[in-house]
Amino acid sequence: MNATEKQDYFQIEISGDSKNMALSKLGSTDFCEIYELDFTSPEALKPDPITLKWKMPALNVAGIWKPTNDFSKRIQADWELKPMESRISIDAPVIAIFGHDDSNVLTFACSDAIHTLKLDAVLREEDNFLYCSIELFSEVEQPISNYKIQLRLDFKNSHFSECLKSVSKWWETFNDLKPTIVPTIAKQPIYSTWYQFHQSLDEAVLLKECALASEMGYKAIILDDGWQTKDSNRGYDFTGDWQPDRIPEMGAFVEKLHGLGMKVALWYSVPFCGKKSRAYQKFKGKFLTEDHRWAPVFDPRYPEVREHLTGLYISALKDWNLDGFKLDFIDDFHRYDDTPMGAKDGRDYASINEAVDRLLSDVILNLQQIKPDVFVEFRQKYTGPAMRKYGNMFRAFDCPGDAAMNRIRIADLRMYCGNTAVHADMITWHSDEPVEVAALQLVNIMFGVPQLSVKLQDCREDELNMIRFYTQYWNEHVNILMEGNFKPSRPLANYPIQKVVAANFTIIGVHDDYVVSLDEATENIHFLNAQLATEIVIKSSEDFGSFKAVVYDCQGKVVMEKFITLFKGATLIEVPPCGMVQLKKE
């Protein structure tokens, strides 16, 4: 679409009461436009909801990408689903419209990643236009006199993932969205207790597990739910006090884990205050709601609530010499039907979102003053640009045993999270699974940081060989996998081909029976056969010359070594299920 066509269609309108609103264009290039909306009122008032909206012809539109729409990246009609909601603890204010060749059609984003917004891009069948919108002020807790945001429209004709990466860099330019540092440990494999142990944690068993995990290349353990209570009902009745009832000598236990070469993080369900806790009695009346299916939800607008929560993590870090935290359920900080409104009755914030921002800012500031390289994990959906200020690890949302979903969620996160470490959901499988099938769980998450949740001391030898092989491979190539240029292809097909390129290295994940197009050849090219197929077909765009090929099975055994030549056209290489092909230029 040329500049004239854009001018004809991209007329942004304000729908609703536009009094005190000024919309102006800040800058424009051939492929990107930035607008500013400025609300200024001589006296504080609660603005009515307004919508910024525009339309565009649905030309070469294959699908709509949103931060957490997983398998559903298809075009949606204007009579279907509700708009995507974005706020500090839910999603991110960005939508990408992509073409049939994975090219960007339009990627639009907003600079306000803290307050509640509603974004949409839907097809109207009457005219085959896409109607795009961003709704503001749907949730205003107090009168305001000033509010200013920017809207970025990117039309660049490049792979849609590149435009999402550009949005991430753009967010980083705003003072209230500066990411925190990412320590080395955030990009190292982690052992998690959750899927194998749930709340039934045993110190002796965990020490044995960590000895095995450390030997295999896992650098930290996350002690998930269960460390703080002897209750094993998978409920939250006892949350809020966070005393180590199940592991009473927590400091000594952490020291033993450190002796095995493992850093240690503890899990906390941040918003919940169980009715059987002492904290519940102390903070009675200072909850967003008590009508929650799991537990009453702390109201972070009370300074004493924020002080209580922050103090818990400070004390744990100091008293037990922890290295990190898994801070969970942040998305449950929101308005409920019975939530009291306004900055009154002891609340120093009216906005829940702004209070969450203050709470988490206080947490990370205090923790980093004690231990600068502390690591903090958040999981989808609280992985937007504001959350990068407080967390340096983002994990794919829970998908136990689902290799495809894990792969998709990792890819979606990586495209808009900058240098924040993107972790896989913990991988697990049934103990009777053949090793080649179990390997699917690990090979499909190689473009994220591995998190493992299998009981190693009960694994068969072939399982241990497989885990050791791919974990060692990941550790040896971490800089390429994590720092290289990442490109996931064919979003509507769930990213069957993923690629990362760094200097003289290319690593390609082949997750389905697709022909792999090779448009350039670096000195080293590795193909991860993340499927049960027994061959990979490479289609070279030109003659790339001779390579030494080494083929491995999923346990790391070399099954073939030979020289091959990548001529222009198709080349077939046999490889075992979930095996690997390594090519090195001769």
Side-chain angles (χ1 to χ4, degrees), residues 67-68 86-94 113-114 168 171-172 174-190 192 194 219-224 263-271 300 306 309-310 312-314 316-317 322-334 353-398 409-410 412-426 448-451 482:
T68 52
S86 167
R87 62 176 187 271
I88 188 171
S89 58
I90 287 288
D91 280 332
V94 59
I114 293 178
S168 179
W171 279 327
E172 292 176 14
F174 294 91
N175 290 331
D176 62 345
L177 299 178
K178 297 290 185 185
T180 190
I181 61 171
V182 181
T184 300
I185 187 60
K187 295 188 177 180
Q188 293 181 322
I190 285 178
S192 169
W194 181 241
K219 307 298 184 181
I221 180 172
I222 294 177
L223 297 175
D224 213 295
K263 292 186 180 294
V264 184
L266 292 184
W267 169 89
Y268 288 80
S269 58
V270 180
R306 299 195 302 272
L309 293 173
T310 303
L312 288 170
Y313 314 136
I314 293 172
L317 193 67
L322 296 178
D323 305 286
F325 296 83
K326 175 179 178 178
L327 300 182
D328 214 350
F329 294 106
I330 306 299
D331 48 342
D332 281 288
F333 282 129
H334 62 82
N353 293 322
E354 291 174 10
V356 172
D357 181 48
R358 171 66 183 274
L359 167 65
L360 296 178
S361 295
D362 290 348
V363 167
I364 193 63
L365 176 63
N366 281 278
L367 295 182
Q368 288 179 339
Q369 285 177 345
I370 301 167
K371 187 169 287 191
D373 61 349
V374 65
F375 63 97
V376 177
E377 180 196 280
F378 296 129
R379 66 170 171 173
Q380 289 173 306
K381 291 183 172 183
Y382 36 98
T383 48
M387 300 302 290
R388 293 183 65 199
K389 298 194 297 180
Y390 340 107
N392 38 43
M393 293 166 43
F394 286 172
R395 178 175 62 82
F397 186 72
D398 304 33
R409 288 174 171 167
I410 290 168
D412 286 340
L413 277 170
R414 279 200 64 171
M415 285 186 283
Y416 72 94
C417 288
N419 71 333
T420 300
V422 173
H423 283 236
D425 184 38
M426 301 80 74
V449 182
Q451 285 202 20
M482 294 293 98

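We count residues from 1, following the sequence as given. Basis for what follows: all heavy atoms, side chains included, without hydrogens, waters or symmetry-related copies. Quantities reported herein were computed from a predicted structural model and do not represent experimental measurements.
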Is the backbone N or O of [Y] less than 3.5 Å from a side-chain atom of [X], with the two atoms forming a donor-acceptor pair by type?
X: Arg306; Y: Pro300; value: yes
X: Arg388; Y: Cys417; value: yes
X: Tyr382; Y: Ile88; value: no
X: Lys389; Y: Asp176; value: yes
X: His423; Y: Ala186; value: yes
X: Asn392; Y: Asp373; value: no
X: Arg395; Y: Met426; value: no
X: Ser192; Y: Gln451; value: no
X: Arg87; Y: Asp331; value: yes
X: Lys371; Y: Leu322; value: yes

If you round to the nearest 0.5 Å, how far is [atom2] of [Y] from [atom1] of [X]?
X: Phe333; Y: Asp357; atom1: CZ; atom2: CG; answer: 12.5 Å
X: Leu367; Y: Leu327; atom1: CG; atom2: CG; answer: 8.0 Å
X: Thr310; Y: Asn366; atom1: OG1; atom2: CG; answer: 6.5 Å
X: Met387; Y: Thr180; atom1: CE; atom2: OG1; answer: 12.0 Å
X: Ile221; Y: Lys263; atom1: CD1; atom2: NZ; answer: 14.5 Å
X: Thr383; Y: Asp412; atom1: OG1; atom2: CG; answer: 9.5 Å

For [X] and [Y], work out which heavy atoms get closest and say how close.
X: Thr184; Y: Gln188; result: O-CG, 3.5 Å
X: Ser86; Y: Pro93; result: OG-N, 3.2 Å
X: Asp328; Y: Pro271; result: O-CD, 3.4 Å
X: Ala421; Y: Lys187; result: CB-CG, 3.7 Å
X: Leu317; Y: Asp323; result: CD1-N, 4.5 Å
X: Val270; Y: Leu309; result: O-CD2, 3.7 Å

Specify whether Phe378 and Phe394 have parallel, tilted or perpendicular ring planes, treating 30° as the upper limit for parallel and 60° as the lower limit for perpendicular.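 Rings of Phe378 and Phe394: tilted, as their planes differ by 30° to 60°.
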Classify the ring geometry of Tyr313 against Tyr268: parallel below 30°, tilted from 30° to 60°, perpendicular beyond 60°.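 The rings of Tyr313 and Tyr268 stand perpendicular, inter-plane angle above 60°.
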If the test is side chain to side chain contact (heavy atoms under 4.5 Å, CB included), which one of Lys219, Met393, Lys326 qualifies with Ile190?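 Testing each of Lys219, Met393, Lys326 against Ile190, the sole residue satisfying side chain to side chain contact (heavy atoms under 4.5 Å, CB included) is Met393.
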For Ser269, check side-chain hydrogen bond (donor to acceptor under 3.5 Å, both in side chains) against everything at least two apart and list the hits.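 With neighbours one apart ignored, the set is empty.
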Side-chain donor-acceptor pair under 3.5 Å between Tyr390 and Asp362, yes or no?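 The answer is no; no qualifying pair exists.
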Under 6.0 Å from the six-membered ring centre of Phe329 and within 45° of its axis: does the NZ or CZ of Arg379 meet both?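 Here Arg379 passes the 6.0 Å and 45° test against Phe329.
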Evaluate the side-chain proximity of Val363 to Val376: yes if any heavy-atom separation is below 4.5 Å, no if none is.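 No. Closest side-chain heavy atoms not under 4.5 Å.
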